[in-house]
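Accompanying notes for the structure given below.
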Amino acid sequence: MATVSFNDTIFAQEALSAFNAALSPISAFSRNISSEARNKGDAIVVPFISALTATTFNATTANYQSGGGAVTSNTVSLNQHNIVTMDLTDIQVANSSGARFDAIAAQAGRALAAKVLENIWKVITTSNFGVATVTTSEASYTLAQIIAFRKQLSLNNVPLDMVSCFFNPVVGAALLGSSNVLQAYALGDNSAVRTGSLGKLVGFDTYETNILPTASTSLVSFAAHPDSINLAMRYLAPQDTSMYLAAEQVSAPNGITMGYRRSFDPAKGIHYGAFECFYGVATGLTLGLVLGTKP
């Protein structure tokens with residue numbers, strides 16, 4: 001019987017790796033992430049510039065010390081707290097290999113990331129970002145709908161080189177089946193045929209996801225600038241660490257962070273593990289995000 005010691009640090013890092021990979025699209029629609037420890041109920045002030053304009057130099061009215069732009073500060077409340085819990089008996093720990101622990105941690109990290117993204121995207125509504133730019137059936141999507149996103153964002157003076165596009169699997173399948181995409185090999189890019197990845201479309205990085213919220217807006221796609229959603233993410237430290245065998249913060253270099261706790265019930269012989277993410281979300285640059293909905 002193979003036995004291994006339970007290494008909490010490695011276990012948590014494996015979960016973080018999967019958590020971070022699944023949350024990688026965050027940087028496409030939010031740029032304020034920090035791993036600093038905070039308390040539940042705290043609020044974070046997120047500054048972002050919503051408009052800058054050029055003018056002709058004038059020593060009196062437009063000199064080097066003139067004000068300009070619209071610097072907006074958005075208060076993001078830390079009010080979202082998602083967790084993934086698991087339990088392992090003494091026998092399971094004794095009989096499990098390190099690889100088995102890695103698989104459990106990775107699954108927990110992915111599950112937590114999906115819940116976090118789902119909650120972040122709940123702010124993408126017509127109330128927050130205006131009427132949908134595209135309203136059509138998912139199966140009817142072609143490059144024309146993505147170009148419509150590009151056109152509207154350009155009219156909103158949004159830098160198009162920073163925009164990414166998200167869509168659900170039905171829209172993704174429709175785009176993948178578009179003759180313009182499948183025949184792109186004629187221009188030297190056959191990645192869609194070889195890998196099933198759409199890559200860049202009309203200059204936008206693309207992401208397919210099956211967790212877009214549809215309850216309030218029938219959302220099936222959106223294109224966004226990184227300042228369109230403000231996100232604050234912090235480590236929520238336990239009030240009493242003596243209650244846990246392990247309690248630690250694990251953070252990626254990009255600021256994405258999660259917490260890990262493990263406790264033990266000696267009467268039942270069960271280890272209880274929990275991964276958590278503590279964060280807040282707010283609407284940012286409203287002109288920087290356009291929606292695609294279905295009828």
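In this structure, Y235 and A247 approach most closely via the heavy-atom pair OH-C, 4.0 Å. Nearest heavy atoms, I26 versus I120: CD1-CD1, 4.1 Å. Residue C165 comes nearest to I146 through the heavy atom pair SG-CD1, 3.8 Å, listed as atom of the first residue, atom of the second, then distance. Taking both residues in full, the closest heavy atoms of P295 and S137 are given as CD-N, 3.7 Å, listed atom of the first, atom of the second, then distance. A pairwise comparison of heavy atoms in E208 and G172 identifies OE1-CA, 3.8 Å as the closest pair. Across every non-hydrogen atom of I211 and A114, the tightest pair is CD1-O, 3.3 Å.
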Next item on the list: Would you please test Y272 and T85 for side-chain hydrogen bond (donor to acceptor under 3.5 Å, both in side chains) and show each step?
Entry: CA-CA 7 Å; Y272 292 98; T85 58; over 6 Å; no
Checklist line | Working for side-chain hydrogen bond (donor to acceptor under 3.5 Å, both in side chains), residues T293 and S218 | finding: CA-CA 5 Å; T293 60; S218 299; over 6 Å; no
Item checked: side chain to side chain contact (heavy atoms under 4.5 Å, CB included) assessment of R234 paired with L78 -> CA-CA 8 Å; R234 303 289 188 264; L78 299 177; 3.7 Å; yes
Check: Step by step, would you call S154 with L160 a side chain to side chain contact (heavy atoms under 4.5 Å, CB included)?
Finding: CA-CA 7 Å; S154 182; L160 297 178; 4.1 Å; yes
Next item on the list: Show your reasoning for whether side-chain hydrogen bond (donor to acceptor under 3.5 Å, both in side chains) applies to E138 and S140.
Entry: CA-CA 5 Å; E138 298 153 286; S140 298; over 6 Å; no
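Residue E248 places its CD atom among more than 12 non-hydrogen atoms of other residues, nucleotides or ligands, all under 6.0 Å distant.
Here the options are V170, V171, L176, the test is side chain to side chain contact (heavy atoms under 4.5 Å, CB included), and the partner is Y141; only V171 passes. Applying side chain to side chain contact (heavy atoms under 4.5 Å, CB included) to V220 and the options L291, N168, V134 leaves one that passes, N168.
Below 30°, between 30° and 60°, or above 60°: for F222 and F166 the angle between ring planes is below 30°, a parallel geometry.
Checking side-chain atoms of N128 against main-chain N and O of T283 turns up no donor-acceptor pair under 3.5 Å. For the pair T257 (side chain) and V250 (backbone), a donor-acceptor distance under 3.5 Å is present. Side chain of S77 to backbone of N79: no donor-acceptor contact under 3.5 angstrom is found. A donor-acceptor contact shorter than 3.5 Å links the side chain of Q145 to the backbone of T142.
Within the 4.5 Å cutoff, the side chain of H225 has no heavy atoms near those of the L289 side chain. Residues F19 and V116 form a side-chain contact, since some pair of their non-hydrogen atoms from C-beta on lies under 4.5 Å apart. Under the 4.5 Å side-chain criterion, counting only non-hydrogen atoms from C-beta, I229 is in contact with V123. Counting heavy atoms from C-beta outward, T126 and V131 have side chains that stay 4.5 Å or more apart. Taking 4.5 Å as the limit, some side-chain heavy atom of F264 sits within range of a side-chain heavy atom of P266.
A distance below 6.0 Å separates the ring centres of F275 and F11.
When hydrophobic side chains of Ile, Leu, Val, Met, Phe, Trp and Tyr are connected at separations under 4.5 Å, M243 ends up clustered with Y244.
When the side chains of ILVMFWY residues are joined at heavy-atom separations under 4.5 Å, either directly or via intervening members, M162 and L287 end up in two distinct hydrophobic clusters.
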